[in-house]
Amino acid sequence: MNAVEIEEAISALAEQPFDPDEFPYAFLEAFGRKSTEIKRLRSGHSNKSDLDGVLQRNHIHIKTCALGTVKETLDALRDSAATAKGKAKFILATDGQTLEAEDLSSDVPPIVCDYPEFPDHFGFFLPLAGISTVKQIRESAFDIKATGRLNRLYVELLKDNPEWGTSERRHDMNHFMARLIFCFFAEDTDIFSKADLFTSTIETMSAPDSSNTHEVIGELFKAMNTKPEDRAGAGRARWASVFPYVNGGLFSGSTDVPRFSRISRSYLLHIGNLDWKKINPDIFGSMIQAVADDEERGALGMHYTSVPNILKVLNPLFLDDLREKLEEAGDNTRKLLNLRNRMARIRVFDPACGSGNFLVIAYKEMRAIEAELNQRRGEGDRRSEIPLTNFRGIELRDFPAEIARLALIIAEYQCDVRHRGQKEALAEFLPLDAKNWITCGNALRLDWLSICPPTGTGVKMHSEDLFSTPLDQAEIDFENEGGETYVCGNPPFKGARKQSAEQKSDLAFIFQGGNDYKDCDYVAGWYLKGAAFLTVTKGALAFVSTSSVCEGEQVQHIWSRVFDSGSKIIFAHRPFAWRNNASNIAMVTCVIVGLGADTARVLGVFDDETLKHCHSVSPYLIPGEPIFVTAQKAPVSANLNQIVSGSMPRDGGNLLLGNTEKQELEAKAPGASKFLRRYSGTSELTNGTIRWCLWIEDGDLGAAKAIPEVAERIRAVEAFRLQSKAKTTNGYARIPHKFAQRSHKNGNAIIVSATSSQNREYLPADWINDQVIVSNAAYVVYGGELSQFACLVSRLHLAWVATVCGRMKTDYRYSKTLGWNTFPIPPLTEKNKADLNRCAEDILLAREAHFPATIADLYDPAKMPADLRAAHDRNDEVLERIYIGRRFRNDTERLEKLFDLYIRMTTGKGKKAG
DNA sequence: GATCCGACATGGA
DNA sequence: TCCATGTCGGATC
């Protein structure tokens with residue numbers, strides 16, 4: 001069940017007469033507990049309550065009680081031994097009049113409410129349904145409720161008016177929904193002259209059989225699109241005359257209304273009776289997207305960007321600066337006036353605005369600054385100078401674009417009420433004068449300059465150089481020329497392998513030449529286009545994006561272009577986990593990157609909210625020069641051998657065997673032993689698990705196939721490869737007895753894991769012998785010397801790999817071309833090599849001394865044995881002395897030196913921008 | 001619920 | 001044909 005469904009179920013339960021015996025089960029059912037679980041609870045089988053209530057282990061302890069004893073009951077539940085033993089997260093007591101509940105697992109304040117109101121707190125219990133969500137969504141019961149109700153209406157209307165669901169009319173449908181939402185909001189906030197005016201007018205004027213509902217609503221919409229003085233002439237119905245003139249793009253155009261059935265009419269009235277004052281424009285947009293989108297509804301608020309995350313973009317981009325200027329101005333009226341004039345000219349542009357989250361927050365924050373400013377100037381009720389039309393957006397999907405516009409209008413009204421007072425807010429709210437300033441279209445194809453033209457030039461720019469097709473739409477003039485433009489947003493992330501053909505072609509269009517776009521995330525398009533935009537606009541830019549744009553492969557493709565176009569990184573947030581909704585949504589790791597023209601001031605790098613000031617930010621989001629490494633085919637350091645990735649089976653698991661599987665096979669077919677080899681990936685290397693693989697040379701194929709069990713496995717590999725959708729894999733079906741990619745060589749070798757936990761201080765690496773087949777989960781240096789092992793397990797190398805290689809989530813991902821081949825080592829003397837060899841031996845000896853501890857045990861930072869740590873310290877000391885004659889102070893210094901050396905060793909291969 | 005890391009599609013050379 | 005990388009979700013404690 002999703003949040004909307006739960007909200008509906010809970011609301012339905014609260015409307016039923018209270019049944020003390022049934023309530024606990026009905027409550028659990030409403031939160032999506034399975035009927036089998038509930039059956040077992042009813043039978044007492046799994047009910048662990050010691051208070052004659054209902055206790056579902058790990059979830060909740062519920063007890064219904066006699067009138068007036070709720071508090072005592074809750075106390076008893078809290079003190080109950082069973083509550084503790086059953087690890088109940090929640091306790092809940094109710095007598096049918098009041099309801100009290102506590103979340104024992106967190107410090108969320110407890111609930112005390114009248115019984116009929118408890119559905120308003122359903123977010124409190126969402127963890128019962130396995131939905132862990134951010135606070136803002138949990139606390140937005142109203143927005144979830146409204147979304148659910150609107151969706152029901154939407155679906156019902158489309159059922160009765162199928163043509164409204166077609167692509168030609170979908171826009172009308174969405175526009176109609178936006179109008180409805182506006183009217184519901186207006187009638188609950190005194191924007192309409194009487195409370196519930198809209199809903200009650202429909203209720204009284206339309207027939208209960210719903211036959212003329214669409215006409216009544218259409219008449220109201222027409223009235224709101226006609227100036228009062230023109231209404232008589234236009235033949236507007238008299239009963240609609242109490243409605244104000246609204247227009248502002250919202251009511252212009254077609255006033256067609258879909259036809260209503262009895263059911264949809266009753267849904268409509270029901271929705272109208274909700275209290276729309278509670279709507280929260282910060283987030284209602286991202287919720288309400290779910291109304292028109294099945295996928296969104298499954299994961300309510302999946303595009304919700306939390307306010308703190310939005311502020312991570314907006315504060316360093318420009319809001320902090322405005323606040324500083326406000327501080328500096330103190331009570332100096334002249335300075336305050338200058339600041340106000342500056343703010344009135346600022347444009348905020350979100351070229352991936354969704355339902356307008358960033359624009360709404362930017363607007364509200366600026367209004368708060370302006371309000372403080374006006375207070376200091378003694379003009380507390382002054383009309384705002386910040387024009388809504390300076391907040392521009394582009395959004396691909398129609399419904400969110402409609403909602404973005406509406407959310408801004410509502411935000412403006414709410415800001416007026418907050419900062420100036422209800423009376424002033426009302427006096428100037430209507431008619432809406434803003435036209436359509438959220439553009440619906442593909443941001444990577446539209447001309448940003450015509451949507452958000454550069455200011456102060458007096459010249460309308462349309463630049464085909466800026467990767468744009470001209471916009472075929474009337475331009476909306478900005479108010480107040482000559483200001484700064486701040487571009488912000490959270491553009492869609494789509495990995496290179498996840499993009500549709502259109503998205504691929506969007507990127508190809510923006511990258512203009514080269515095919516490195518094929519390896520880039522979709523969000524890269526926004527950075528490139530944004531950087532081009534900055535060349536002609538005064539201002540700055542910052543986007544939230546997937547961390548991979550600043551890791552590994554993509555760095556060279558994206559940032560070389562951004563730097564070449566004359567932008568630099570002015571601030572950045574280091575990778576952070578993006579939690580927005582249900583736990584079933586994959587956790588994404590994000591960064592925020594802020595760009596400015598080459599002349600812009602640089603702020604620094606945020607790591608977990610802490611700002612580290614610096615004069616230059618590297619595309620790897622550390623303080624440092626704008627240098628990036630490019631993939632190298634061979635090691636740039638003379639002392640390193642080639643490294644290869646391990647052998648890749650692509651076998652559907654059929655060539656691989658666990659230890660017991662191997663023993664079973666050998667018991668049945670002793671002849672199979674000669675085809676079995678130890679198989680080592682990362683897990684085998686670090687955790688000491690044992691696996692085996694079938695390794696059959698072409699000449700042995702006949703002998704291998706003579707063993708039925710082996711022949712069967714070979715057939716399974718063939719079948720697996722044939723049914724793969726990758727052409728290359730299909731090709732390997734011809735050699736089903738072999739790994740798809742084979743890099744095995746005989747002889748001793750160094751093995752290093754391809755992925756490693758971020759928590760380790762050294763990369764897991766080891767010596768292996770030639771009996772072992774290394775899997776593609778690891779890399780191997782065949783014939784490498786111990787001194788190379790010493791480099792591999794050094795702190796210096798880890799610092800390099802952590803910075804320039806890709807990542808798996810936040811863990812390290814080793815790379816041949818970016819990690820090993822680029823690692824710069826100064827020329828080594830024979831003595832250097834001998835010293836490093838000794839260090840490597842010492843490390844291996846120290847490990848051996850702790851046999852049978854695994855690498856995972858030995859390298860757990862909390863448990864690392866002192867002798868092993870000392871051996872590593874000596875290794876680091878010896879290696880670092882080769883670089884600078886002493887140990888480095890920290891990783892910052894290590895990276896500075898490494899980048900410097902890298903550039904010197906790759907002249908012409910790595911570029912330095914600027 | 002945090003931590004770790006496997007398996008392969010994909011596309012470049 | 002050969003080979004390197006990102007992905008992100010799944011296994012495992």
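Throughout, a chain's letter reflects where its sequence line sits, starting with A, and its residues are numbered from 1.
- Aromatic ring pairs are classed by plane angle as parallel below 30°, tilted from 30° to 60° and perpendicular above 60°; the pair Trp526(A) and Tyr522(A) is perpendicular.
- The side chain of Ala726(A) sits closest to dA9(B) out of dT7(C), dA7(B), dA9(B).
- If you take OH of Tyr732(A) and C1' of dC2(C), they are 6 Å apart, rounded to a whole angstrom.
- Atoms NZ (Lys809(A)) and C1' (dC5(B)) sit 11 Å apart, rounded to a whole Å.
- At a threshold of 4.0 Å, the pair Asp698(A)-Lys738(A) counts as salt-bridged, since one of the basic side-chain nitrogens sits closer than that to a carboxylate oxygen.
- Atom pair Leu655(A):CG and dG6(B):P shows a separation of 17 Å (rounding to whole Å applied).
- Nucleic acid contact for Ser753(A): none, since no nucleic acid atom lies under 4.0 Å from a heavy atom of the residue.
- Aromatic rings of Phe90(A) and His61(A) (six-membered ring for Trp) have centroids beyond the 6.0 Å cut-off, not under it.
- Mapping Thr817(A) and Arg734(A) onto DNA chain C by nearest heavy atom places Arg734(A) at the nucleotide closer to the 5' end.
- Regarding contacts with the backbone of dT5(C), every side-chain N or O of Arg807(A) stays at 4.0 angstrom or more from both OP1 and OP2.
- Ring-centre distance between Trp820(A) and Tyr814(A): not below the 6.0 Å cut-off.
- Within 4.0 Å (heavy atoms only), Gly652(A) reaches sugar-phosphate atoms of the nucleic acid but no base atom.
- Rounding to whole angstrom units, NZ of residue Lys816(A) and C1' of dA13(B) are separated by 12 Å.
- At least one test fails for Lys89(A) against the ring of Phe125(A): distance under 6.0 Å to the centre or angle within 45° of the axis.
- Taking atom OH on Tyr522(A) and atom P on dG6(C), their separation rounds to 22 Å, with Å as the unit.
- Using a 4.0 Å cut-off on heavy atoms, the residues of residues 679-690 of chain A that approach DNA chain B are Thr682(A), Ser683(A), Thr686(A), Asn687(A), listed by number.
- Here the nucleotide nearest the side chain of Lys725(A), chosen from dA4(C), dT10(B), dT7(C), is dT10(B).
- No hydrogens or angles considered: a donor-acceptor pair under 3.5 Å links the side chains of Asp857(A) and Thr854(A).
- Other residues, nucleotides and ligands contribute at most 12 non-hydrogen atoms within 6.0 Å of the CG atom of Asp608(A).
- When the nucleotides dG11(B), dA7(B), dC8(B) are ranked by their closest atom to the side chain of Lys504(A), dG11(B) comes out on top.
- Taking only side-chain nitrogens and oxygens, Lys518(A) comes nearer than 4.0 Å to OP1 or OP2 of dG12(B).
- Aromatic ring centres of Tyr859(A) and His872(A) lie closer together than 6.0 Å.
- For DNA chain C, none of the residues of residues 84-92 of chain A falls under the heavy-atom distance limit of 4.0 Å.
- Between the CD atom of Gln632(A) and the C1' atom of dA4(C) there is a distance of 15 Å, given to the nearest Å.
- At the phosphate of dA9(B), OP1 or OP2 sits under 4.0 Å from a side-chain N or O atom of Ser724(A).
- In summary, the side chains of Asn748(A) and Trp767(A) do not present any donor paired with an acceptor at a separation below 3.5 Å, with no hydrogens or angles considered.
- Side-chain atoms of Ser647(A) and Arg742(A) form no donor-acceptor pair, as typed in the model, at a separation below 3.5 Å.
- Taking only side-chain nitrogens and oxygens, Thr755(A) never comes nearer than 4.0 Å to OP1 or OP2 of dC5(B).
- Positionally, the nearest nucleotide of DNA chain C for Ser743(A) lies more toward the 5' end than for the other of Ser743(A) and Glu553(A).
- Residues Trp695(A) and Phe739(A) place their aromatic rings such that the two centres sit under 6.0 Å apart.
- For the OP1/OP2 pair of dG11(B) and a distance below 4.0 Å, the side-chain nitrogens and oxygens of Asn515(A) include no atom meeting the criterion.
- For dT5(C), the OP1/OP2 oxygens have a side-chain nitrogen or oxygen of Tyr779(A) closer than 4.0 Å.
- Taking 4.0 angstrom as the limit, Lys498(A) places a side-chain polar atom (N or O) nearer than this to OP1 or OP2 of dC8(C).
- Residue contacts shown for Tyr814(A) are absent, as no nucleic acid heavy atom lies under 4.0 Å away.
- The interatomic distance linking Gln554(A) (CD) with dG12(B) (C1') rounds to 16 Å, in whole Å.
- By the 4.0 Å N-to-carboxylate-O rule, Arg795(A) lies close enough to Asp891(A) to be salt-bridged with it.
- Looking at Arg813(A), its side chain comes within 3.5 Å of the base of dG6(C) through a donor and an acceptor atom.
- With the nearest nucleotide of DNA chain B identified for both Asp811(A) and Gly653(A), Asp811(A) has the one nearer the 5' end.
- In the region residues 638-651 of chain A, proximity to DNA chain C at under 4.0 angstrom, judged on heavy atoms, holds for Ser645(A), Met648(A), Arg650(A).
- One finds no salt bridge joining Glu684(A) and Arg678(A) here, because no Lys/Arg side-chain nitrogen approaches an Asp/Glu carboxylate oxygen to under 4.0 Å.
- Proximity note for Asn776(A) (side chain, C-beta onward) versus dG6(B), dC8(B), dT5(C): the nearest is dC8(B).
- Side-chain atoms of Gln741(A) and base atoms of dA4(C) include a donor and an acceptor less than 3.5 Å apart.
- Looking at Arg847(A) and Asp766(A), a side-chain N of the basic residue comes within less than 4.0 Å of a carboxylate O on the acidic one, giving a salt bridge.
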